[in-house]
Amino acid sequence: MSQKPVVEVKNLKVHFPIHGGIISKKVGTVKAVDGVSFSIGRREIVGLVGESGCGKTTVGRAMINILHHVAPDVEISGEILYHFGDETIDFGKLTSHEVRKYRSRVQMIFQDPYASLNPRMTVKQIVEEPLKLHTKKTESERRNTVINLLEKVGLQAVHADRFPHEFSGGQRQRVGIARALATNPDLIICDEPVSALDVSIQAQVINLMMDIQKEFDVSFLFIAHDLSVVEHISDQIAVMYLGNLMEFGPAKQVYHHPKHPYSTALLSAVPIPDPDKKNRKRIVLEGDVPTPINKPSGCSFRTRCPVVEESCSESTPVLEEIDLKHWVSCPIVTEKQ
Amino acid sequence: MMEKNQNNDYVSVSINRRRWLKFKGLKRGYYSFIALIILYGLSFLLPVLINSKALIVRYEGSYYFPAFLELIPGVASYYPGEKFGQDIPGEANYRRLKQKWEDGSDNWLIMPVYPYNPYEDITTEGNKMYEAPSRKHWLGTDNTGRDVFARLFYAFNISISFALILTLINYLLGITIGGAMGYFGGKVDLFAQRVIEIWSSLPMLFVIIIMSSIIRPSFFLLILIYTMVNWIFLTYYMRAEFYREKAKDYVSAAISMGQRNRTIIFKHILPNSLVPVITYFPFSVVGGISMLVGLDYLGFGLPPPTPSWGQMLDVGLQNVSKWWMVFSPVTAQFLTLLAIVFIGEGVREAFDPKVYSRLR
Ligand SMILES: Nc1ncnc2c1ncn2[C@@H]1O[C@H](COP(=O)(O)OP(=O)(O)O)[C@@H](O)[C@H]1O
Ligand SMILES: [Mg+2]
């Protein structure tokens, strides 16, 4: 097994142009992702957290190269390098025909389990679709594989011929997981896979994903806005704010000793289950998240930062390694070290 | 929802099957549907049901099937009167022949159930103008002596066929163009939208009337002219549906597993975006029928002597005192449109995701 990471994201920028007027002139840009770099190692789970609207989903969708589909005029720059075996692949540099061949290697589990399954297909047809595309299995082999996968994700063979509307949200999400596993991918991107589920179901689904990660030997990018969930499941945590990474490092480090003022604030909002440990000061962020159309100059967090200084508006901070494998994008924090 | 199969196991029911079952449960729409299907199916057999030609003629040892020959397009069903020993010019008059052979002749013939055709007027011996309904002419005759009952049924076939073909072509065009606009978006969409805006701002009714007064329109020319106007309407629906569906995650999932564009469009998006156009289908047929009636009434429709409700209404209203000439086309039209509206209502309700949405 090579020691190369599964994927390296280098300075990824995703800008959505805003059009107006009858001839659809460009009147602005939504800088949904504005220079994000990180990498995911083999068999590693990387958690990506941040408030809603900060660009997490966009990062995930850029990584599976489906943004053009809904927004044909999106501007994407930077590199997303996948290392499949000995091959190094950047979807953005391939023709759409070539991309299709590699698509099976990266799969996504979607946020909304009600929209992510075609309502007209049975569970078997849904899970079987990638098998039909990427394997030469016969009908009966495919059926066996489907039932196998369903059992792996905690469903039963009888569920195979049912339609999505006959399932609960948690069960649908399991079907989505089975579909993602069917191609035997190297990386699975989970976009807030449990945020639409009941709290009682969330834990089950998360535990299932952890089991699957071990069994199938795959890497995960786990997107969430709930830090406690991410800490539980991840090896690394990336904290995102308004299209930029603020902090990236080992899960325990980021969770227990956050360095960036934004991570600290985000963490202080996490409810603490043990009342004896309730010594953490709660930091309430002032003001609203600025829009990604009109981002503040310099550090995008400076308008709400509790430790803001004059210099913050001047230059855009970059991620700097302040500990082993622990990067922070805040010059003030870096200086103090 | 579950349902029992042959082995008495419960199996899941697809959305479409569920909708069909629900539609079947709505009696008014379902029975209208069955009745119209049967009537429309039968109306293709009209030449052997309502016709002045005999079904079978046996004349001097040989058999002839003039009415059946009329069922086959392109085959001549014409026999001159002399052929059967009749001393008249032109085609044989089978009703006369029947009377003649009734008393002890070796020759015989069988007439259709209703032995008049929709085209024979006073030039055929024995027909009179403005005959009131009787056992002979069930709904009387019109200003040229044509049988109203026969014309009514032939017009039924033409009206429904016209509306169905018109609607199908419109749907094909509207779904393809609207779907492409929604799926590909961007420049394709922008360009198509502008073309449609310009196209739809043409005063189409006038264009049609002007065109039909220059060239006498035929059945297919009329359909062509109408299609030019009507497909636009459907693109609005389809474009919006495709836009909405393609943004859903199940489509993203299909793309991210490497599925082809074609499969995504036809297998994933299309079946999920047809609900509004299917529920609209019966009403589109109603629109097609009414349109043909309107144009025929104004005299810009199908060329005479094609049987048509609009033309019958027109001459009926010129002779209001002959009540059967007004009553017949109005009733036929009313019942047909009512049945289709009932079907439409049933379809709409069967496709409605809400359980209790009908006004009661
Ligand atoms: N197709 C699009 N066109 C324009 N703006 C978009 C599009 N998709 C996302 N955005 C914008 O990008 C920003 C990031 O969105 P998203 O990635 O969904 O955030 P998150 O997943 O973190 O909640 C938001 O401001 C959103 O409005
Ligand atoms: Mg999101």
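So that the names make sense, note that chain A is the first sequence line, chain B the second, and so on, each numbered from 1. This structure is a prediction, so every number in the text was calculated from the model and none was measured.
Chain B forms the most heavy-atom pairs under 4.5 Å with one residue out of Ala115(A), Gly176(A), Pro185(A), Pro72(A), and that residue is Ala115(A). Of the listed residues (Val70(A), Asn118(A), Asp112(A)), the one with the most heavy-atom contacts under 4.5 Å to chain B is Asn118(A). Interface check for chain A: of the options Lys248(B), Lys187(B), Arg260(B), the most heavy-atom pairs under 4.5 Å are formed by Arg260(B). Ranking Val158(A), Leu133(A), Asp191(A) against chain B, the residue ahead of the rest is Leu133(A), based on heavy-atom pairs under 4.5 Å. Top candidate by heavy-atom pairs under 4.5 Å with chain B, chosen from Met108(A), Arg105(A), Met121(A), Lys101(A), is Met121(A).
Interatomic distance, CG of Leu42(B) versus CD1 of Ile37(B), reported as 11.5 Å (0.5 Å rounding). For the atom pair OG (Ser290(B)) and CZ (Phe283(B)), the distance works out to 12.0 Å, reported to the nearest 0.5 Å.
Using a 4.5 Å cut-off between heavy atoms, Glu245(B) does not touch chain A at all. For Val106(A), the part lying near chain B is the backbone, with the side chain staying farther off; criterion is any non-hydrogen pair under 4.5 Å. His97(A) does not touch chain B: none of its heavy atoms, backbone or side chain, sits under 4.5 Å away. Contacts of Gln107(A) with chain B are made by side-chain atoms alone, with heavy-atom separations under 4.5 Å and no backbone atom involved. At a 4.5 Å heavy-atom cutoff, the contact between Leu117(A) and chain B is made by backbone atoms alone. Only the side chain of Asn16(B) comes within contact range of chain A, with at least one heavy atom under 4.5 Å from a heavy atom of that chain. With a 4.5 angstrom heavy-atom cutoff, Arg179(A) touches chain B only via side-chain atoms. Asp73(A) does not touch chain B: none of its heavy atoms, backbone or side chain, sits under 4.5 Å away.
A side-chain donor-acceptor contact under 3.5 Å links Arg103(A) to the backbone of Asn65(A).
Judged purely by distance below 3.5 Å, without hydrogens or angles, the side chains of Asp189(B) and Tyr243(B) pair a donor atom with an acceptor atom. Under the 3.5 Å distance criterion, with hydrogens and angles disregarded, a donor-acceptor pair is assigned to the side chains of Glu129(A) and Gln259(B).
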List the steps, then state whether side-chain contact (heavy atoms from CB on, under 4.5 Å) holds for Val277(B) with Glu241(B). CA-CA 10 Å; Val277(B) 297; Glu241(B) 282 293 310; over 6 Å; no

Give the intermediate values and the outcome of ring-ring contact (aromatic ring centres under 6.0 Å, His included) for residues Tyr31(B) and Phe342(B). CA-CA 9 Å; Tyr31(B) 290 137; Phe342(B) 282 161; over 10 Å; no

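Between Phe281(B) and Tyr171(B), the gap from one ring centroid to the other is short of 6.0 Å.
Two residues are said to be in side-chain contact when any heavy atoms from C-beta on lie closer than 4.5 Å; Phe163(A) and Pro119(A) fail this criterion.
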